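Here the structure is a predicted model, which means the values were calculated and not measured. For the numbers below, each heavy atom of this structure counts, side chains included, while hydrogens, waters and symmetry mates do not.
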Amino acid sequence: MATQLHASQETVDSPEDPPVKPPRVKLSDGRHLAYRERGVPKAKSNCKIIIVHGFGSSKEMNFQVPQELIEELGIYFLLYDRAGYGESDPNPRRSVKSEAFDIQELADQLQIGPKFYVIGVSMGSYPIWSCLNYIPERLAGVAMVVPVINYRWPSFPDNLTGEDYRRTLVKLLYWIAKYTPGLLHWWVTQKWFPSPSVMEKKPVFFNNRDLEALKKTEGFPMLTKERLRERCVFDTLRNDFLVCYGDWDFDPMELSNQFPPNESSVHIWQGYEDKIVPFELQRYISRKLPWIQYHEIPDGGHLLVHYHGLCEAILRAMLLGEEHLLYRPSADN
């Protein structure tokens, strides 16, 4: 039996009941971060894992894990709304660095211990790179699932990225988002602009397994036209995009291994058929950073966390050091 880490629906409120607000912590700068806890009780846990959601998502994201594994390994999960998402306050000074220190302060306020595991999904991976750079001493282990690529990282050679159409698209969207936000807000809320529900069904964005997974999930509710009309929602998404794809203070491919042997593990999980993040660049990163374990799903797209059994494989690799031969990249490709 699998436990799906999503919002509880055990009670139904009447229209007269005030909405139930999630717990929040107050950070040193006065902002609040909303969070939710799942798995075994924190005091009884052996493994404490912070899960970082991606673009347009929230702490209610899907991460399906067998209940037996949770109990066997004593896993405590901490999910939170990143700045501006869900019930968390926006951060007008958001940066790559601030994402790591939000995670550290959240962990300290909830007293989960000196070391913890982190899992970042898609755009939720840039806070993980930040953790590896700024607070590596706090990390017991790391997993990045289909992590986004920033084409501005200096270590990428032009012959690898020059002809990638996604580089041109990201560059264009970045310019529009940075210099003409009003035009972009008007554009994405027009009736003729493709809705996320239409985009989710297009093979140009997702492969076959992704499309099957979308039939069983809620998709991307924060990216609907109704939500995008809310200026605070639009501003959060725009801000997150600009930080992720802007200039960083460090190059991830110049990071050194800060973990003692056999005391920590860092993993990247990538789909070979991912149409949003190219596997070629993930392979290049893994060659530059051989201390990172690289896993590749042959028929995987971008929505790996929605695939049956993948979240369990991610946890088993990170916590137990188990490896599936099926997920080793093929030397022939």
Side-chain angles (χ1 to χ4, degrees), residues 34 52-62 80-96 98-99 120-127 145-152 164-207 210-211 213-248 271 274-278 301-303 305-306:
V52 187
H53 68 79
F55 188 73
S57 187
S58 74
K59 64 183 181 303
E60 312 301 337
M61 63 169 286
N62 177 80
Y80 72 104
D81 290 328
R82 295 198 291 121
Y85 285 95
E87 303 295 327
S88 291
D89 296 333
N91 182 3
R93 295 182 295 276
R94 171 184 247 134
S95 66
V96 174
S98 73
E99 292 284 324
V121 180
S122 191
M123 198 178 285
S125 62
Y126 85 81
V145 187
V146 292
V148 293
I149 295 297
N150 187 328
Y151 290 95
R152 298 185 183 212
D164 188 342
Y165 72 91
R166 284 159 291 211
R167 179 185 184 181
T168 302
L169 179 60
V170 168
K171 185 176 181 180
L172 174 62
L173 290 175
Y174 183 89
W175 190 94
I176 294 173
K178 185 173 184 177
Y179 296 108
T180 61
L183 175 62
L184 179 61
H185 186 237
W186 171 84
W187 183 40
V188 298
T189 56
Q190 294 306 298
K191 292 182 178 180
W192 45 262
F193 187 77
S195 67
S197 60
V198 172
M199 295 169 67
E200 287 167 7
K201 299 176 183 177
K202 284 187 174 292
V204 68
F205 298 104
F206 304 110
N207 77 338
D210 287 345
L211 296 175
L214 283 169
K215 295 177 182 178
K216 304 173 185 178
T217 68
E218 296 180 357
F220 307 97
M222 195 173 179
L223 302 181
T224 64
K225 285 189 174 63
E226 291 71 22
R227 294 303 309 279
L228 286 171
R229 289 192 181 97
E230 301 174 35
R231 193 63 194 226
C232 61
V233 170
F234 172 81
D235 288 343
T236 289
L237 295 171
R238 171 180 174 267
N239 180 252
D240 199 21
F241 180 86
L242 290 176
V243 170
C244 178
Y245 290 105
D247 292 321
W248 291 22
D274 192 333
K275 298 184 180 183
I276 297 175
V277 180
H302 193 68
L303 304 181
V305 293
H306 296 283

Problem - Greater than 12 external heavy atoms within 6.0 Å of Tyr165's OH - result: yes
Practice task
Grab the two heavy atoms, one from Thr236 and one from Ala83, that are nearest each other, plus how far apart they are.
Solution key: CG2-O, 3.9 Å
Exercise for the section: Grab the two heavy atoms, one from His185 and one from Phe234, that are nearest each other, plus how far apart they are. Expected result: CD2-CG, 3.4 Å
Practice task
Enter the distance from Met123:CE to Tyr245:OH here, rounded to the nearest 0.5 Å.
Solution key: 4.5 Å
Problem - Donor-acceptor under 3.5 Å (Ser57 side chain, Gly54 main chain) - result: no
Handout entry: Check: Asn150 side chain, Gly246 main-chain N or O, donor-acceptor pair, under 3.5 Å
Key = yes
Handout entry: Distance in Å, Trp175 CH2 paired with Leu242 CG, rounded so as to fall on 0.5 Å steps
Key = 13.0 Å
Problem - Closest contact, heavy atoms only, Arg238 versus Pro181 - result: NE-CB, 3.3 Å
Handout entry: Heavy-atom neighbours of Arg93 CZ exceed 12 at 6.0 Å
Key = no
Problem - Polar side-chain atom of Ser88 near backbone of Asp81 as donor-acceptor pair, under 3.5 Å - result: yes
Exercise for the section: Would you please name every residue forming a side chain to side chain donor-acceptor pair (under 3.5 Å) with Asn239, sequence neighbours left out? Expected result: Arg94
Practice task
For Ser125 and Val148, indicate whether the former's side chain and the latter's backbone hold a donor-acceptor pair under 3.5 Å.
Solution key: yes
Exercise for the section: On the 0 to 90° scale, with breaks at 30° and 60°, tag the Tyr85-His53 ring pair as parallel, tilted or perpendicular. Expected result: perpendicular
Practice task
Taking the side chain as every heavy atom from C-beta outward, state whether Tyr151 and Lys171 have any atom pair closer than 4.5 Å.
Solution key: no
Practice task
Specify the closest pair of heavy atoms between Arg152 and Asp247, including all atoms of both residues, with the distance to one decimal.
Solution key: NH1-OD1, 3.2 Å
Fill in the blank from the handout: Output for pair (Leu173 CG, Phe241 CZ), nearest 0.5 Å, gives 5.0 Å
Fill in the blank from the handout: dist Ile176:CD1 -> Trp187:CH2 (nearest 0.5 Å) comes out at 5.5 Å
Exercise for the section: Could you tell me whether a side-chain N or O of Asp210 sits under 3.5 Å from a main-chain N or O of His302, the two making a donor and an acceptor? Expected result: yes
Exercise for the section: Calculate, to the nearest 0.5 Å, the distance between atoms CG and CD belonging to Leu237 and Glu230 respectively. Expected result: 10.5 Å
Exercise for the section: Write down the atom of Arg166, the atom of Ile276, and the distance for their closest heavy-atom approach. Expected result: CD-O, 3.4 Å
Completion exercise
Separation between NE2 (His306) and CG (Asn62), nearest 0.5 Å, reads 5.5 Å
Fill in the blank from the handout: Between Val277 and Ile149 the two heavy atoms that sit nearest each other are CG1-CG1, 3.6 Å
